[in-house]
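In listed order, ligands and their atoms are each counted from 1.
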Amino acid sequence: MKFNERVFSGMQPTGSLHLGNYLGAILQWIELQKTHECIYCVVDLHAITVWQDPAELSRAIRQVTATYISAGLDPMRSIVFNQSQVSAHAELGWIFNCVARLGWLNRMTQFKEKAGKDRENASVGLYAYPNLMAADILAYRATHVPVGEDQKQHLELARDIAQKFNNDFRESIVRVGREDGIFFPQPDPVITGPATRVMSLRDGTKKMSKSDPSDLSRINLTDDADTIARKIQKAKTDPEPLPSEPAGLKARPEADNLVGIYAALAGSSVPDVLAEYGGAQFSTFKKALAERAVERLSPIADETRRMMQQPDEIDRILADGAARARAIADPIMAEVKDVIGLIRS
Ligand code: AMP
Ligand code: TRP
């Protein structure tokens with residue numbers, strides 16, 4: 001059977017979202033909602049794989065939701081909700097804990113990075129995180145998953161899980177009426193945002209990240225205009241003027257990053273930006289970049305702040321999204337149980 005195209009993606013409600021999330025993921029999500037059925041999730045169950053302060057977690061779930069919508073996700077057109085409201089995620093996550101192999105998870109580089117040296121003390125949830133992510137996607141039989149580069153390995157694992165489930169249960173899948181024996185699709189990563197890897201403003205070799213201890217390393221989607229301009233002013237650069245050709249950005253990671261950000265924000269390309277700014281000093285270029293960034297990002301911050309004044313409205317959007325998500329996932333879960341041989345009422 002051919003599966004209908006359906007998009008699923010999510011972000012964790014930990015800290016505030018930043019320019020990397022925006023250029024690497026959200027812009028792509030907004031594009032896709034024009035042509036596809038899209039499901040966008042605030043993955044709160046993923047967030048608690050590391051300790052979260054309860055009051056701060058609730059606030060962050062609402063803030064990420066408000067940021068999604070302020071940036072341009074349309075909760076009428078797409079489904080926007082938080083993961084823990086739809087039980088299919090946790091249920092299918094458990095089933096996938098029984099499908100995925102220890103050897104597969106042992107290869108996950110993100111676990112190694114996040115667990116660090118004290119691996120014995122990491123939560124079991126952090127280790128099983130990619131199985132829950134596979135469940136997020138496959139509970140809807142989603143076919144397309146827009147993410148940044150760093151999630152590629154987890155997507156591969158989701159494909160392996162889908163394939164193993166299809167193989168392990170082939171006869172049973174046919175018995176429930178799927179004649180080709182294919183129960184889950186193999187979800188494809190969509191890694192084509194305008195900037196799939198935005199780097200830190202303090203170190204062009206490190207990814208811009210929520211977890212960087214220096215707030216100057218990233219532009220948060222909640223930063224006001226002055227803060228955005230100041231962070232760009234302070235961004236690390238080298239002493240040379242900008243080159244006129246992309247080849248001149250080699251071995252200049254900070255320059256490469258700032259030019260890439262400019263091109264993505266302006267909806268232009270790196271060669272075009274360099275054609276305009278080649279030979280310019282960073283002081284000039286940073287001013288232009290700050291203007292672009294403020295113009296693009298400060299309306300998002302303003303709207304997010306406005307929405308955060310009305311938490312009931314955000315909760316209503318999440319409840320509505322969760323009901324629509326359940327309407328898709330629950331029948332699929334019922335079928336999963338039939339395939340496995342679990343009795344349901
Ligand atoms: P995270 O912030 O790690 O929860 O990631 C949420 C989404 O944003 C994922 O799809 C990431 O791949 C993407 N993302 C995070 N940081 C960056 C970055 N620096 N550049 C591009 N995409 C990113
Ligand atoms: N692991 C993803 C991240 O850290 C978040 C995520 C959870 C996700 N479930 C997902 C992304 C399902 C895409 C699809 O960015």
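Using a 4.0 Å cut-off between charged side-chain N and carboxylate O, Asp302 and Arg306 make no salt bridge. Between Glu156 and Arg107, no side-chain nitrogen of the basic residue sits less than 4.0 Å from a carboxylate oxygen of the acidic one, so the salt-bridge criterion is not met. Under a 4.0 Å N-O distance rule, the pair Lys231/Asp215 qualifies as a salt bridge. Residues Asp330 and Arg326 are not paired through a salt bridge, judged by the lack of any N-O separation under 4.0 Å between the basic side chain and the carboxylate. Between Asp188 and Arg159, at least one side-chain nitrogen of the basic residue sits less than 4.0 Å from a carboxylate oxygen of the acidic one, meeting the salt-bridge criterion.
In summary, the atoms of ligand 1 found under 4.0 Å from a heavy atom of Met208, numbered by their order in the structure, are 16 (N), 18 (C), 19 (N). Using a 4.0 Å cut-off to heavy atoms of Arg197, the atoms of ligand 1 that qualify are 20 (N), 21 (C).
Ring to ring, Phe165 and Phe183 are close: their centroids are under 6.0 angstrom apart. Taking the six-membered ring wherever Trp is involved, the centroid distance between the rings of His89 and Tyr140 falls below 6.0 Å.
Considering backbone and side-chain atoms alike, Asp136 places an N or O below 3.5 Å from some N or O of ligand 2.
Nearest-heavy-atom check against atom 1 (N) of ligand 2 across Tyr40, Phe8, Tyr129 picks out Tyr129. Evaluated by nearest non-hydrogen atom to atom 7 (C) of ligand 1, the leading choice among Asn21, Val147, Thr14 is Asn21. Considering only non-hydrogen atoms, atom 11 (C) of ligand 2 lies nearest to Gly10 out of Gly148, Gly24, Gly10.
Contact annotation: for Val147 versus ligand 2, heavy atoms closer than 4.0 Å belong to the side chain alone. Proximity of Asp150 to ligand 2, defined as any heavy-atom pair under 4.0 Å, is not found for any part of the residue. Contact annotation for Met199 and ligand 1: no heavy atom of the residue comes within less than 4.0 Å of the ligand.
Lys210 NZ, 3.3 Å is the protein heavy atom nearest to atom 4 (O) of ligand 1. The closest protein non-hydrogen atom to atom 3 (O) of ligand 1 is Asp150 OD2, 4.3 Å. Closest to atom 16 (N) of ligand 1 among all protein heavy atoms lies His18 CE1, 3.5 Å. The single protein non-hydrogen atom nearest to atom 21 (C) of ligand 1 is Thr196 O, 3.1 Å, given as residue, atom name and distance.
No donor-acceptor pair under 3.5 Å is formed between the side chain of Lys337 and the backbone N or O of Leu342.
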